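All of these numbers come straight from a predicted model, not from anything done at the bench. In listed order, ligands and their atoms are each counted from 1.
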Amino acid sequence: MSGTLHLLRPDLRDFTAYHAASPRRGVVRLHANEASWRADWDETDDGLNRYPDPRPEALVHALAALYGVVPGSVLVTRGSDDAIDLLVRAFCVAGEDAVLVTPPTFGMYAVAARLQGAGVVAVPLQRDFSLDTAGVLAATRAHVKLVFLCSPNNPTGSLVSPRAVDTLCRELHGRAVVVVDEAYVEFSRHPGFADRLARYPNLVLLRTLSKAWGLAGARVGTLLAEPELVAVLRALAPPYPLPSLATEAALRRLQPAELAATRRRTAAVVRRREALAEALQALPAVRRAWPSEGNFLLVRFADAAAAMAACEAAGVLVRDFSRQPGLSGCLRITVGTAAENRKLLRALARLEGKMVNARG
Ligand SMILES: *Cc1c(COP(=O)(O)O)cnc(C)c1O
């Protein structure tokens, strides 16, 4: 047994998966209580009257190729949120176990833990938003089953260093699973940690088509891990992970021509991110725009409430993080189109004028 499977909830060890209906087509399907007719507007390949393939092979192979891993390392999920929930349910006994998070970070890790009745141990990032590796190690006691890292981190845009990931995987081998959420890695200079999956049986990576691939509405996430763990998690996951509409959309999105277009778009987002950071930094209302490896910027304002109000008045939504520990005055701003970014900057420039007048 790998150094990881014994960390699963003991009551799930002999879990019997739900037996999904065979996806075979071209035969008379009288085994799944499906409707025998399809709607006349239904343009899907297989028909929405049919249950989807429980393990859509074409998509699994496309994702394995995209992420540079073997197909056995791929578990398709309904967005990363679903993968986070599955991990917490698989590893944490309610009322006993806990997950470790490194705030400020993505909120879903703690939400999934609370839903499962698992504890949440927090080891804050350091002032420069780098990981407190020693602190994480010290806080990972027996009841901590999952260590959630996010790289690039939402909302700070910072990376977890390869050294930190190596140290944690090595030191926590047999004790805890290290989960690295790479939702934004396509926007980063760092290639991510897929090359380490073969080395560390306690490493799990989360990828998604929601951000750089522009499919947030289709809900397609991928959990990457060593094949033995993926097989166990697949048995615990819902029998039909993706609606057939989502699978078809993802397969279209991953066609070779679309891959090239996506890489171009991602590079353009990165260029606009750098330009937006510079423009924001030049506004007197902005105290700091942190460097970011994602498709967003964390920005500290002299007056975050006023900045929020100015954006709201201009019909621009941004996310308020100013009440989170260590993020006073901070808003998270997604990099938009050039026109959207100009609209944002105009709104914030107006705010500046008012403040100068008020003072003067
Ligand atoms: C947006 C985001 C995700 C993506 O979640 P999906 O469920 O795949 O849409 C995952 N992790 C982080 C940190 C995110 O910000």
Side-chain angles (χ1 to χ4, degrees), residues 56 59-60 62-63 66-67 74-89 99-113 115 120 122 124-125 129 131 146-160 165 177-188 190 192-194 203-225 233 237-238 241-243 245-247 249-250 253-254 262 266 269 273 290 292-299 317-321 324 327 330-336:
L59 182 57
V60 168
L63 291 168
L66 178 66
Y67 298 140
V74 168
L75 181 67
V76 181
T77 59
R78 297 175 188 166
S80 311
D81 292 348
D82 186 31
I84 293 163
D85 182 60
L86 178 65
L87 285 165
V88 174
R89 281 189 292 128
V99 309
L100 186 147
V101 298
T102 61
T105 191
F106 190 44
M108 275 306 293
Y109 317 132
V111 168
L115 267 172
V120 179
L125 296 176
F129 297 141
L131 194 73
L146 298 163
V147 172
F148 280 105
L149 308 176
C150 188
S151 182
N153 185 43
N154 176 5
T156 60
S158 53
L159 293 172
V160 177
V165 170
V177 178
V178 177
V179 184
V180 187
D181 185 339
E182 300 187 321
Y184 300 98
V185 74
E186 291 89 346
F187 302 102
S188 166
H190 188 264
F193 296 106
L203 176 63
V204 170
L205 303 178
L206 304 180
R207 302 286 301 256
T208 180
L209 298 186
S210 291
K211 305 287 159 56
W213 296 93
L215 278 188
R219 315 301 306 126
V220 186
T222 307
L223 181 153
L224 303 175
L233 292 173
L242 285 195
L245 286 170
T247 299
R253 206 65 199 74
L254 298 177
T262 300
T266 302
V269 170
R273 176 187 73 201
W290 275 270
S292 171
E293 300 274 337
N295 64 344
F296 55 86
L297 291 164
L298 184 71
V299 184
L317 296 180
V318 297
R319 193 79 164 242
D320 187 2
F321 279 85
Q324 291 213 6
L327 296 186
C330 289
L331 307 181
R332 191 195 66 198
I333 302 173
T334 307
V335 178

Checklist entry - Counting heavy atoms only, which of E182, R78, R219 comes nearest to atom 7 (O) of ligand 1? => result R219
Item to check | K211: numbered ligand 1 atoms lying under 4.0 Å from its heavy atoms | outcome: 1 (C), 2 (C), 3 (C), 4 (C), 14 (C), 15 (O)
Next on the checklist: Can you name the atoms of ligand 1, numbered from 1 with element, that are less than 4.0 Å from a heavy atom of A183?
Outcome noted: 2 (C), 3 (C), 10 (C), 11 (N), 12 (C), 14 (C)
Checklist entry - Counting heavy atoms only, which of T105, D181, I84 comes nearest to atom 10 (C) of ligand 1? => result D181
Checklist outcome for this item: Which of P104, C330, P103 passes side-chain contact (heavy atoms from CB on, under 4.5 Å) with Q324? It is P104
Item to check | S151 side-chain N/O to N153 backbone N/O, donor-acceptor pair under 3.5 Å | outcome: no
Checklist outcome for this item: among protein heavy atoms, the one nearest atom 15 (O) of ligand 1 is Y184 OH, 2.6 Å
Checklist entry - For R319 and L331, what are the C-alpha separation, side-chain angles and deciding distance, and is it a side chain to side chain contact (heavy atoms under 4.5 Å, CB included)? => result CA-CA 6 Å; R319 193 79 164 242; L331 307 181; over 6 Å; no
Item to check | Evaluation steps, side chain to side chain contact (heavy atoms under 4.5 Å, CB included), between Y67 and T222 | outcome: CA-CA 10 Å; Y67 298 140; T222 307; 3.6 Å; yes
Item to check | Sub-6.0 Å ring centroid separation between F296 and F187 | outcome: no
Item to check | R219 and D82 ion-paired at < 4.0 Å | outcome: no
Checklist entry - Which atoms of ligand 1 are found less than 4.0 Å from any heavy atom of S210? => result 6 (P), 8 (O), 9 (O)
Next on the checklist: Taking S292's backbone N and O only, do any of them form a donor-acceptor pair with R273's side chain (distance below 3.5 Å, no angle check)?
Outcome noted: yes
Checklist entry - Which of the atoms of ligand 1 are close to C150, meaning less than 4.0 Å from one of its heavy atoms? => result 13 (C)
Next on the checklist: List ligand 1 atoms under 4.0 Å from D81, heavy atoms only on the residue side.
Outcome noted: 5 (O), 7 (O)
Item to check | Which of the ligand 1 atoms, numbered from 1, are nearer than 4.0 Å to a heavy atom of G79 | outcome: 6 (P), 7 (O), 8 (O)
